[in-house]
Participant: 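Okay, handing you the structure first.
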Amino acid sequence: MAKTELRAIQGSSSGYYALLGLLGLVLAIGLASAWYMEHEGHYVTGMSNQIVWGMPHVFAVFLILAASGALNVASLSSVFGKAEYKPLAPLSGLLAITLLIGGLAVLVLDLGRPDRLIVAMTRYNFKSIFTWNVFLYVGFVALVAVYLWFLLEQRMNRYGARVGVAAFVWRLVLTTGTGSIFGFLVARQAYDAAIMAPLFVAMSLSYGGAAFVLAWLAGLRGAGRALDTALLGRLARLLGMFVAAVLYLTAVQHLTNLYAAEHGGVERFILWEGGSISVLFWLGQVVAGGIAPLALLLHSGTSARSGWVAVASALVVLGGLAQLYVIIIGGQLYPLILFPGLEETSSFGDGTIARYAASAPELGLGLGGVALALAGFVLAIKLLPILPERVTVGAPDASPD
């Protein structure tokens with residue numbers, strides 16, 4: 001049985017305030033980018049009539065998926081009865097909330113007309129997956145906030161497992177809904193596939209697990225607290241399984257599309273003929289974000305060493321961004337085949353591969369969402385008793401390498 005003591009960090013060092021200042025600066029750049037795109041119009045971005053979801057959506061979807069997956073550590077404790085993960089459950093819930101808020105902030109500010117969100121919140125079309133996501137995202141934040149309260153309030157601890165089960169089911173539905181946005185979309189050749197839903201669930205577990213490991217290790221190092229290498233090794237192996245699942249489902253997705261003649265063109269584009277998209281797929285997504293971290297996380301010599309696990313987790317994050325860029329941007333670059341077997345030409349650009357290059361305001365807005373999520377996390381671990389002081393599961397290592 002794991003023993004734990006949760007305490008807030010001191011947060012009085014110059015390094016802590018320097019980190020907050022840096023995150024605040026990036027957040028200000030993100031807000032300025034949103035203001036610039038709002039007032040000048042989206043022509044200042046790399047988006048067009050063909051590319052309507054740009055780089056901000058890559059960051060937003062990544063943060064949303066990572067938020068769902070970050071809660072997995074808490075679910076291991078409350079749903080699957082793994083007591084060794086209980087000390088990390090509050091940290092897991094907090095990170096899930098801040099990541100989702102950061103992702104939603106990017107989505108709202110990338111609408112072009114953020115005030116139109118009021119329409120989406122008051123007029124519902126329940127045939128649209130976007131309508132369902134309004135309830136799923138807001139409900140997730142509320143449910144995890146209650147879960148976090150029950151974990152921290154001793155007299156409410158007995159209800160924590162029940163709320164944890166509800167949060168576990170909710171996040172699976174949320175991630176399935178996010179994947180279904182692409183799976184139900186028939187207007188793009190690269191989408192319109194049922195496998196998108198389970199693929200996004202696996203991606204969320206991988207991205208969220210990597211984000212949690214990085215946040216946990218950074219918090220321990222910053223606060224000078226002990227690291228249990230046995231628990232780190234278990235998390236590393238678990239993350240490795242999630243990375244392997246993403247690789248497997250990605251392979252199934254592309255092999256299935258290659259089998260179907262109607263998807264042959266878009267598969268050739270993604271895998272071989274797409275230029276930077278193909279490079280991102282093979283080098284960014286498969287090699288850097290899949291094979292390399294999998295080797296580090298499952299090798300006995302590196303899976304329990306904090307430095308290597310941090311490197312592997314960072315590679316999973318970068319590979320995840322590459323994967324979402326390939327899915328979101330690459331999927332829009334390839335044209336919809338309106339008349340199979342025939343060539344299409346028009347002044348609108350039908351039948352031609354579109355072009356896209358992310359602009360500085362788009363990158364600023366996306367990074368601003370990341371900064372908002374991290375700033376919320378850094379402030380919360382100073383105000384709330386979230387970070388474990390000690391975790392006694394295996395042999396502790398007081399000086400992470």
Side-chain angles (χ1 to χ4, degrees), residues 2 62 65-66 68-77 79-89 91-92 95 172 175 195 198-221 226-255 280-324 326 391 393-397 399-401:
F62 178 87
L65 292 179
S68 173
L71 193 63
N72 191 58
V73 175
S75 297
L76 289 171
S77 169
V79 179
F80 298 99
K82 300 294 183 180
E84 62 268 29
Y85 295 103
K86 186 176 180 180
L88 302 179
L91 192 71
S92 172
L95 184 62
L172 287 180
T175 314
I195 200 172
L199 174 60
F200 270 60
V201 171
M203 287 160 59
S204 75
L205 295 172
S206 177
Y207 305 165
F212 176 82
V213 168
L214 290 173
W216 178 42
L217 291 178
L220 290 180
R221 182 175 289 275
L227 168 68
D228 187 283
T229 55
L231 187 57
L232 177 65
R234 295 179 190 182
L235 281 174
R237 288 188 292 274
L238 184 63
L239 178 57
M241 293 297 101
F242 294 148
V243 172
V246 173
L247 285 173
Y248 170 74
L249 289 173
T250 300
V252 171
Q253 174 199 7
H254 290 287
L255 288 173
L280 271 179
F281 175 82
W282 289 110
L283 296 184
Q285 176 182 335
V286 175
V287 176
I291 296 174
L294 188 61
L296 291 173
L297 293 168
L298 298 185
H299 191 277
S300 58
T302 55
S303 62
R305 296 180 65 84
S306 60
W308 284 115
V309 174
V311 169
S313 299
L315 286 174
V316 171
V317 169
L318 294 175
L321 289 170
Q323 182 171 18
L324 288 171
V326 170
V391 180
V393 176
D397 175 12
S399 55
D401 58 341

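Here the structure is a predicted model, which means the values were calculated and not measured.
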Participant: Quickly, which of L65, L172, L71 forms a side-chain contact (heavy atoms from CB on, under 4.5 Å) with S204? Name it, please.
Facilitator: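 Single side-chain contact (heavy atoms from CB on, under 4.5 Å) partner of S204 among L65, L172, L71: L65.
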
Participant: Is the shortest side-chain heavy-atom distance between L88 and L235 below 4.5 Å?
Facilitator: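 L88 vs L235: side chains touch.
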
Participant: Any idea which heavy atoms bring A236 and S303 closest together, and the distance?
Facilitator: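 The answer is CB-O, 3.2 Å.
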
Participant: Should F212 and N72 count as side-chain neighbours, where that means a heavy-atom distance under 4.5 Å?
Facilitator: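 A side-chain contact under 4.5 Å is absent here.
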
Participant: Taking all heavy atoms of A288 and all of L315, pick out the closest pair and write down the distance.
Facilitator: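 Here A288 and L315 meet closest at O-CB, 3.3 Å.
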
Participant: First locate atom CG of L280, then atom CG of L324, and finally report the distance between them rounded to the nearest 0.5 Å.
Facilitator: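 These two atoms lie 11.5 Å from each other.
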
Participant: Report yes or no: does S206 contribute a side-chain atom to a donor-acceptor pair with the main-chain N or O of A202 at less than 3.5 Å?
Facilitator: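 Such a contact is absent between S206 side chain and A202 backbone.
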
Participant: Got M241 and L297 here, is their nearest side-chain heavy-atom distance under 4.5 Å?
Facilitator: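 When only atoms from C-beta onward are counted, L297 and M241 do not touch, as no gap falls below 4.5 Å.
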
Participant: The test is side-chain contact (heavy atoms from CB on, under 4.5 Å); show your working for Q253 and L199 and say whether it passes.
Facilitator: CA-CA 9 Å; Q253 174 199 7; L199 174 60; 3.6 Å; yes

Participant: Would you mind reporting whether V326 and Q285 have side-chain heavy atoms less than 4.5 Å apart?
Facilitator: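 Q285 vs V326: side chains touch.
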
Participant: Give the minimum heavy-atom separation between A74 and S92, together with the two atoms involved.
Facilitator: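 In terms of heavy atoms, the two residues are closest at N-OG, 3.3 Å.
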
Participant: Using residues 245-252 as the side-chain source, report each donor-acceptor pair under 3.5 Å to any protein atom, sequence neighbours left out, with the distance given to one decimal.
Facilitator:
{"residue": "T250", "atom": "OG1", "partner": "V246", "partner atom": "O", "Å": "2.7"}
{"residue": "T250", "atom": "OG1", "partner": "Q323", "partner atom": "NE2", "Å": "3.3"}

Participant: Just do the side-chain contact (heavy atoms from CB on, under 4.5 Å) check on M203 and T175 with the steps written out, would you?
Facilitator: CA-CA 9 Å; M203 287 160 59; T175 314; over 6 Å; no

Participant: Distance check, rounded to the nearest 0.5 Å: L321 atom CG versus F62 atom CZ?
Facilitator: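 The CZ atom of F62 is 5.0 Å from CG of L321, to the nearest 0.5 Å.
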
Participant: Indicate the atoms forming the closest heavy-atom contact of A230 with D228, along with that distance.
Facilitator: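 In terms of heavy atoms, the two residues are closest at N-OD1, 3.0 Å.
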
Participant: Find the distance between NE2 (H254) and CZ (F281) and round it off to the nearest 0.5 Å.
Facilitator: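 Reported to 0.5 Å precision, the distance equals 4.0 Å.
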
Participant: Hey, are the side chains of L238 and L76 touching, using non-hydrogen atoms and a 4.5 Å cut-off?
Facilitator: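 Counting from C-beta outward, L238 and L76 do come under 4.5 Å.
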
Participant: Mind checking whether L217 and V213 have side chains closer than 4.5 Å, heavy atoms only?
Facilitator: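 Yes - at least one pair of side-chain heavy atoms lies under 4.5 Å apart.
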
Participant: Do the side chains of W216 and L91 get nearer than 4.5 Å, heavy atoms only?
Facilitator: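 Yes - at least one pair of side-chain heavy atoms lies under 4.5 Å apart.
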
Participant: Give me the atom names and distance for the closest heavy-atom approach of P87 to A83.
Facilitator: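 Of all heavy-atom pairs spanning P87 and A83, the closest is CD-O, 3.8 Å.
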
Participant: V311 vs T302, test: side-chain contact (heavy atoms from CB on, under 4.5 Å). Steps then yes/no.
Facilitator: CA-CA 10 Å; V311 169; T302 55; over 6 Å; no

Participant: For H299, I'd like to know if atom NE2 has over 12 heavy atoms of other residues, nucleotides or ligands within 6.0 Å.
Facilitator: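 Count not over threshold, so no.
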
Participant: Looking at V309 and A304, what are the two nearest heavy atoms and their distance?
Facilitator: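 Heavy atoms of V309 and A304 come nearest at CG2-N, 4.5 Å.
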
Participant: When rounded to the nearest 0.5 angstrom, what is the spacing between CD1 in I291 and CH2 in W282?
Facilitator: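 Result: 8.5 Å between the selected atoms.
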
